[in-house]
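Okay, structure first, notes after.
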Amino acid sequence: MSKEQAPEPLDFFIWTVEDVGMWLEEINLGSYRQIFKENGVNGEYLEGMSMFTTEQILRFIRRCHMKWGDFITLCKELRRIKVACLKGEQKVRRPWWAPSCLSLVFLKVAKRNRQSRVVSLKLEP
């Protein structure tokens, strides 16, 4: 993931702690960047928040010293990203491990299988 470029929504499931920090800056919640980093909040953690109980949500808010309004903003932005993933409204990026000669093939397959990718990632344990 490039340091100059914000992480793409399609990849939010696999965001690193640094990617989450860049995203927080992008959505004007950059003041929480360090505390999220200290707590190891990555993309997988953000994805799992949708299944948090009320007690877990309150514990997260306390641990990250978040204002309630900022937590609501975080949730709205997460929802926006999930919807973008399901609708296929973001760019597809060739994975770092795929050779450049396969770029066109990868992009075609990824665009066709976007929704199945999102669903399958949610169903994996």
Side-chain angles (χ1 to χ4, degrees):
M1 193 83 355
S2 170
K3 293 293 177 196
E4 314 85 49
Q5 188 176 357
E8 296 174 29
L10 183 64
D11 299 326
F12 99 93
F13 310 103
I14 57 171
W15 281 355
T16 63
V17 171
E18 290 77 22
D19 293 332
V20 170
M22 288 189 298
W23 176 68
L24 289 171
E25 296 286 345
E26 187 178 290
I27 63 170
N28 298 319
L29 294 178
S31 60
Y32 298 104
R33 187 176 190 157
Q34 185 60 36
I35 194 81
F36 272 47
K37 184 176 183 177
E38 290 169 8
N39 284 288
V41 178
N42 58 17
E44 185 179 358
Y45 187 91
L46 292 175
E47 170 63 11
M49 283 178 61
S50 62
M51 296 189 291
F52 274 15
T53 63
T54 304
E55 184 180 322
Q56 289 171 313
I57 289 170
L58 293 174
R59 202 174 312 134
F60 173 79
I61 290 170
R62 264 187 259 121
R63 188 173 62 239
C64 293
H65 310 288
M66 288 191 87
K67 296 177 184 171
W68 184 248
D70 291 342
F71 179 74
I72 298 298
T73 299
L74 179 79
C75 292
K76 284 181 181 178
E77 291 297 323
L78 275 173
R79 185 177 189 286
R80 186 183 60 76
I81 286 176
K82 288 180 182 182
V83 168
C85 287
L86 288 169
K87 287 184 173 182
E89 294 176 346
Q90 68 287 323
K91 287 191 256 178
V92 175
R93 185 182 61 229
R94 177 179 58 86
W96 62 270
W97 48 263
S100 57
C101 61
L102 295 178
S103 291
L104 290 175
V105 173
F106 176 79
L107 292 178
K108 285 181 183 179
V109 171
K111 284 181 181 179
R112 198 174 6 188
N113 293 319
R114 248 182 242 262
Q115 289 184 341
S116 62
R117 176 181 175 188
V118 172
V119 172
S120 67
L121 279 170
K122 286 184 176 181
L123 295 177
E124 288 178 5

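No experiment lies behind these values; they were computed from the predicted model shown. Because only heavy atoms are used, hydrogens play no part in the values below, and waters and symmetry mates are left out as well, while side chains stay in.
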Under a 4.5 Å side-chain heavy-atom rule over Ile, Leu, Val, Met, Phe, Trp and Tyr, are [X] and [Y] clustered together?
X	Y	answer
W68	L29	yes
I61	V20	yes
I57	Y32	yes
I72	L58	no
I81	V17	no

Exercise. Take L74 and F60 through the test side-chain contact (heavy atoms from CB on, under 4.5 Å) and record every step on the way to the result.
Key: CA-CA 12 Å; L74 179 79; F60 173 79; 4.1 Å; yes
Self-check item: Side-chain donor or acceptor of Q56 paired with backbone N/O of T53 under 3.5 Å
Solution: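 Judged by distance alone, yes, a pair lies under 3.5 Å.
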Quiz item: Distance-only, no hydrogens or angles: does the N39 side chain make a donor-acceptor pair with backbone N or O of V41 under 3.5 Å?
Solution: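 Not a single qualifying donor-acceptor pair exists.
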Self-check item: Parallel, tilted or perpendicular: rings of W23 and W15 (30°, 60°)
Solution: tilted
Practice problem: Establish, from distance only, whether the side-chain atoms of T73 and D70 form a donor-acceptor pair under 3.5 Å. | Solution: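 The answer is no; no qualifying pair exists.
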Once rounded to the nearest 0.5 Å, what's the spacing between atom [atom1] of [X] and atom [atom2] of [Y]?
X	Y	atom1	atom2	value
M49	F71	CE	CZ	4.0 Å
E38	R63	CD	CZ	11.5 Å
I27	R80	CD1	CZ	8.0 Å
K37	L24	NZ	CG	12.5 Å
F36	C64	CZ	SG	4.5 Å
L46	E44	CG	CD	10.5 Å

Practice problem: Take M22 and E26, measure what side-chain contact (heavy atoms from CB on, under 4.5 Å) needs, and give me the verdict at the end. | Solution: CA-CA 6 Å; M22 288 189 298; E26 187 178 290; over 6 Å; no
